[in-house]
Number of protein chains: 2
Amino acid sequence: MVRTKAVAKKCCNTDEKLSLPDVAWAEDLAKLAWALAHPARVRIVRLLLSRTSCICGEIVEEMTLAQSTVSQHLKILKEAGLVQGEIDGPRVCYCIHEQTMAKLKKLVAGL
Amino acid sequence: MVRTKAVAKKCCNTDEKLSLPDVAWAEDLAKLAWALAHPARVRIVRLLLSRTSCICGEIVEEMTLAQSTVSQHLKILKEAGLVQGEIDGPRVCYCIHEQTMAKLKKLVAGL
DNA sequence: ATTGTCTATCGTCGATCAACGATATGCGTC
DNA sequence: GACGCATATCGTTGATCGACGATAGACAAT
């Protein structure tokens with residue numbers, strides 16, 4: 001539709017080079033984005049943020065998923081560093097790792 | 001280590017309820033996060049952002065991936081709405097879909 | 001119309017995800 | 001020490017990803 005003929009216009013200008021250092025940058029962001037790349041995990045994060053403090057197997061009740069599945073998602077979030085688990089007797093309290101959250105926001109904002 | 005005994009303290013307070021409407025919210029963010037959940041895609045997005053305008057098969061050269069693989073990643077980014085492709089004669093110029101980028105930033109910032 | 005170029009799609013393969021039930025582990029209580 | 005509860009891990013299954021080469025499709029030029 002928007003056919004442009006002859007002139008190459010502004011398209012595909014090679015005046016800028018991709019800086020290789022942001023390969024690491026890309027991996028950092030990808031890792032964090034990956035943690036949020038599932039609705040269940042986003043909901044867990046939001047749930048944790050909505051409460052002032054941590055939470056435990058209550059997450060399981062809020063979700064419509066099996067306990068083992070939720071635990072798996074929590075593990076992924078933990079590995080990404082977005083979430084922290086603190087053992088409190090027989091149960092485990094999770095909370096957001098503020099620093100990593102800040103990093104995520106910074107990375108996205110800096111896109 | 002950080003053993004806390006008797007008192008349940010602030011942990012697992014049930015005073016707040018998860019609002020169901022943010023199920024949709026979660027899916028929106030998850031979809032966008034998913035698009036960025038791969039280093040190659042992050043790099044593509046950053047590449048597109050670094051240039052004032054769109055780009056074409058140059059992306060393939062910047063990446064160390066096969067053309068078909070890059071095309072696949074571009075398709076994913078397009079489906080997420082993060083990227084737009086405009087046919088320019090024999091080639092295709094890609095550019096960031098600013099609106100979706102803004103939405104992503106807003107969603108993440110609003111976490 | 002044929003050719004060459006650029007991009008998208010197809011088909012395949014190995015790896016990983018997401019989900020679950022079943023089981024193991026850790027901890028407090030009796 | 002045995003039991004009960006909360007959580008993590010294991011093992012399985014089906015679905016999807018990520019990568020590639022090969023091929024098809026669109027377009028400009030000859």
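Chain letters run A, B, ... following the sequence lines, proteins first and then strands; every chain starts at 1.
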>> If I take atom CG in residue B/Leu36 and atom C1' in nucleotide D/dG18, what distance separates them, rounded to the nearest angstrom?
In response: 17 Å
>> On DNA chain C, does the nearest nucleotide to B/Ser68 precede the nearest nucleotide to A/Ala37 from the 5' side, or the other way round? Give the residue.
In response: B/Ser68
>> How many whole angstroms separate atom CG of A/Leu65 from atom P of C/dC17?
In response: 17 Å
> Out of curiosity, B/Leu111 CG to A/Leu36 CG, how far, rounded to the nearest 0.5 Å?
Replying inline: 6.5 Å
>> Whether the side chain of B/Arg41 engages the backbone of B/His73 through a donor-acceptor N/O pair (distance < 3.5 Å, no angle test) should be reported.
In response: no
> Roughly, in whole Å, what's the span from CG in B/Asp88 to C1' in C/dC6?
Replying inline: 12 Å
>> Quick check: is A/Val92 connected to A/Ile44 through a chain of hydrophobic side chains (ILVMFWY, heavy atoms under 4.5 Å apart)?
In response: yes
> Between A/Arg41 (CZ) and C/dA18 (C1'), how many Å, whole number?
Replying inline: 9 Å
> According to a 4.5 Å side-chain heavy-atom criterion applied to Ile, Leu, Val, Met, Phe, Trp and Tyr, with indirect links allowed, do A/Trp34 and A/Leu48 form part of one hydrophobic cluster?
Replying inline: no
>> Can you see if the side chain of A/Tyr94 gets near the phosphate of D/dA8 - specifically, an N or O under 4.0 Å from OP1 or OP2?
In response: yes
>> Rounded to whole Å, please give me the gap between CD1 in B/Ile87 and P in D/dG25.
In response: 15 Å
>> Here's a test of your reading of the structure: between A/Ala40 and B/Lys75, which maps to the more 5' nucleotide of DNA chain C?
In response: B/Lys75
> Is the base of C/dA8 touched by the side chain of B/Gln72 through a donor-acceptor pair closer than 3.5 angstrom?
Replying inline: no
>> I want to check one thing: is the phosphate of C/dG26, taken as OP1 and OP2, less than 4.0 Å away from some side-chain N or O of A/Arg91?
In response: no
> CD of B/Glu79 versus C1' of D/dT16: gap in Å, rounded?
Replying inline: 13 Å
>> Heavy atoms only, 4.0 Å cut-off, all strands: where does B/Leu74 land among base, sugar-phosphate and nothing?
In response: nothing
> Hey, is the side chain of B/His73 poking within less than 4.0 Å of OP1 or OP2 on D/dC17, counting only N and O atoms?
Replying inline: no
>> Whole angstroms only, please: what is the CE-P distance between A/Met63 and D/dT7?
In response: 15 Å
>> Side-chain N or O of B/Ser71 versus OP1/OP2 of C/dA8: is the shortest distance under 4.0 Å?
In response: yes
> Looking for any heavy atom pair under 4.0 Å, which part of the strands does A/Ile59 touch: base, sugar-phosphate only, or nothing?
Replying inline: nothing
> Does B/Thr69 place a side-chain N or O at less than 4.0 Å from the phosphate oxygens OP1/OP2 of D/dC20?
Replying inline: yes
>> Please determine whether residues B/Ile76 and B/Leu47 belong to a single hydrophobic cluster, defined as Ile, Leu, Val, Met, Phe, Trp and Tyr linked transitively by side-chain heavy-atom distances below 4.5 Å.
In response: no
> Just how far, in rounded Å, is P of C/dC17 from CH2 of A/Trp34?
Replying inline: 5 Å
